[in-house]
Amino acid sequence: MNKHEGAHSFDADPDEEKKEIPIPIHDPNDQLTVEQMKRDYPDWENHYDGDAELTAISYERTQALRKIGKERGIGGTIQAIGGDGLRWAIDNTPQEVGISYDAHGIAGKHDAVSELDQLLKGGIDPDRPFYSMSFIYSPEAGGTFGADRPITKGGFVVVAERNKKLQEAGIKCVVVGEEYSRVLDLIQKRYPDITFIPWHKAPAQFTKEVNDADGTNIASEELTEKNRPHYHLPNSSDPRSRTPSTPTLIPTPHDSKTETDDEVW
C-alpha cells in the first residue's frame, strides 16, 4: 500500500484481522459490448436520448459501484463509493512527474458519464470557471486550491498535455477509475482522439513520457500483485458496515451546463 493509504476508506483496528479485496484493474480479455449488455440485462432501456453507448457505460459504472459497495459493506448511494484506484494513481505518481500534468477530476455529483461526454465533445467552456491542479497528492495544496489532489469520485480525471494547461490546450488524456474497467475499450472507441489510461497504468505512463522527453531516469512504481492496492472490508461489528441501499440503476442524464460545481477539480 502506498504511503498515503489512498485506497483505504476506513482505519482498521490493528487487533482485528484485515480483510481486503483487490481494486479491479482493466483486463482487455474481459470487456463488455453494448450488444452483450442488452442481452444480459432484461431491464435494459436506452437513456441519453437513445444513446446506447452512453447507456452501457453508465449502466456498467452503476453495477460496478454497487458490487464494490456490497463487497465492502458500505451503505448509501453510489455517489459515496469509488475513487480508490484514481487516488492510488495520483498518490503513486512521482511528484516531479505529476507536477507537469494539469488535471481536473469530474466529481460525478449528478452524472459523471454525461459530464465527461459533454466535456469531450464540447470542449472546455472559456466563459465558465474551470478549476485544475497538478496530478499529484499535495496536502499543502489544500489551503491554496481547496483540495489536496484532483477529485476522483466520478471515476474520470482529465489531463492536459505535459507542461500545458487544460483551459488553454484542451484535454489530451483521461485517467479512468476501476468502475469502468469492463467498458474501457468501449469508451476508447467512442472517443478515438483521446487517450484513456487505466488507473493502474497512469504513474508508469506519465513517468515514461517525462523520462523520454527530458532524458531523465525517474523511477515509478509498477503495479504488481505484491503492491496492488486493496479495499479494506470493515468488521461486521463496525456500525459503518451494513447492507447498502439499492441505488437507481441509471443516473438521470442532465445538462451539465446548467449546473455549478465550483468545487470540482
Check Glu222 against Ala204 and note the closest heavy-atom contact, atom names and distance.
OE2-CB, 3.6 Å
Derivation of the side chain to side chain contact (heavy atoms under 4.5 Å, CB included) call for Trp199 and Ile23:
CA-CA 10 Å; Trp199 64 270; Ile23 299 179; 3.5 Å; yes
Using side chain to side chain contact (heavy atoms under 4.5 Å, CB included) as the criterion, list what pairs up with Ile99, not counting sequence neighbours.
Ser134, Ile136
Separation of Leu166 CG from Asp102 CG (nearest 0.5 Å)
4.5 Å
Would you compute the distance between atom OG1 of Thr55 and atom CD of Glu60 and round it to the nearest 0.5 angstrom?
13.5 Å
Rounded distance (nearest 0.5 Å) linking atom OG1 of Thr62 with atom NZ of Lys67
15.0 Å
With a 4.5 Å limit on heavy-atom distance, are the side chains of Pro150 and His104 in contact?
no
Using a 3.5 Å distance criterion without hydrogens, assess whether the side chain of Trp44 forms a donor-acceptor pair with backbone atoms of Ala56.
no
Could you measure the distance from the CH2 atom of Trp88 to the CG atom of Asn227? Nearest 0.5 Å is fine.
6.0 Å
Minimum heavy-atom distance between Leu86 and Gly155, given as atom pair plus value:
CD1-C, 3.5 Å
Can you tell if the side chain of Tyr137 reaches within under 4.5 Å of the side chain of Thr93, non-hydrogen atoms only?
no
Please report the C-alpha distance between Leu116 and Val158 in whole Å, then the side-chain angles of each, then the deciding distance to 0.1 Å, and finally whether the side chain to side chain contact (heavy atoms under 4.5 Å, CB included) criterion is met.
CA-CA 9 Å; Leu116 179 73; Val158 300; 3.9 Å; yes
Would you call Thr195 and Gln205 a side-chain contact if the rule is heavy atoms closer than 4.5 Å?
yes
Are Asp111 and Tyr48 side-chain neighbours, meaning at least one heavy-atom pair lies under 4.5 Å?
yes
Donor-acceptor contacts, no H, no angles, side chain residues 33-41, under 3.5 Å, sequence neighbours left out:
residue: Thr33; atom: OG1; partner: Gln36; partner atom: N; Å: 3.0

Are the charged groups of Asp84 and Arg72 less than 4.0 angstrom apart, N to O?
yes
What pairs with Pro94 under side chain to side chain contact (heavy atoms under 4.5 Å, CB included), at least two apart in sequence or on another chain?
Glu96, Val97, Thr207, Ile218, Ser220
Side-chain donor-acceptor pair under 3.5 Å between Thr216 and Asn211, yes or no?
yes
I need the Arg182 CZ to Asp30 CG distance, nearest 0.5 Å.
4.5 Å
All ring pair (Phe, Tyr, Trp, His ring centres under 6.0 Å) counterparts of Phe206, not counting sequence neighbours:
Tyr101, Phe135
Cut-off 3.5 Å, no hydrogens considered: what does the side-chain donor-acceptor table look like for residues 168-180, sequence neighbours left out?
residue: Glu178; atom: OE1; partner: Gly85; partner atom: N; Å: 3.0
residue: Glu178; atom: OE2; partner: Tyr231; partner atom: OH; Å: 2.5
residue: Tyr180; atom: OH; partner: Arg61; partner atom: NE; Å: 3.2
residue: Tyr180; atom: OH; partner: Gly154; partner atom: O; Å: 3.0

Can you find a pair of side-chain heavy atoms, one from Pro229 and one from Leu223, that are under 4.5 Å apart?
yes
dist Ser181:OG -> Leu32:CG (nearest 0.5 Å) comes out at 10.5 Å
Would you mind writing out the side-chain donor-acceptor pairs for residues 183-194 within the sub-3.5 Å range, not counting sequence neighbours?
residue: Asp185; atom: OD1; partner: His26; partner atom: NE2; Å: 3.2
residue: Gln188; atom: OE1; partner: Phe196; partner atom: N; Å: 3.1
residue: Gln188; atom: NE2; partner: Tyr191; partner atom: O; Å: 3.3
residue: Gln188; atom: NE2; partner: Ile194; partner atom: O; Å: 2.6
residue: Arg190; atom: NE; partner: Asp117; partner atom: OD1; Å: 3.3
residue: Arg190; atom: NH1; partner: Asp51; partner atom: OD1; Å: 3.2
residue: Arg190; atom: NH1; partner: Asp51; partner atom: OD2; Å: 3.3
residue: Arg190; atom: NH1; partner: Glu53; partner atom: OE1; Å: 2.8
residue: Arg190; atom: NH2; partner: Asp51; partner atom: OD2; Å: 2.7
residue: Arg190; atom: NH2; partner: Asp117; partner atom: OD1; Å: 3.3
residue: Tyr191; atom: OH; partner: Asp117; partner atom: OD1; Å: 2.5

Exercise: identify the closest heavy-atom pair between Lys153 and Gly82
NZ-O, 3.2 Å
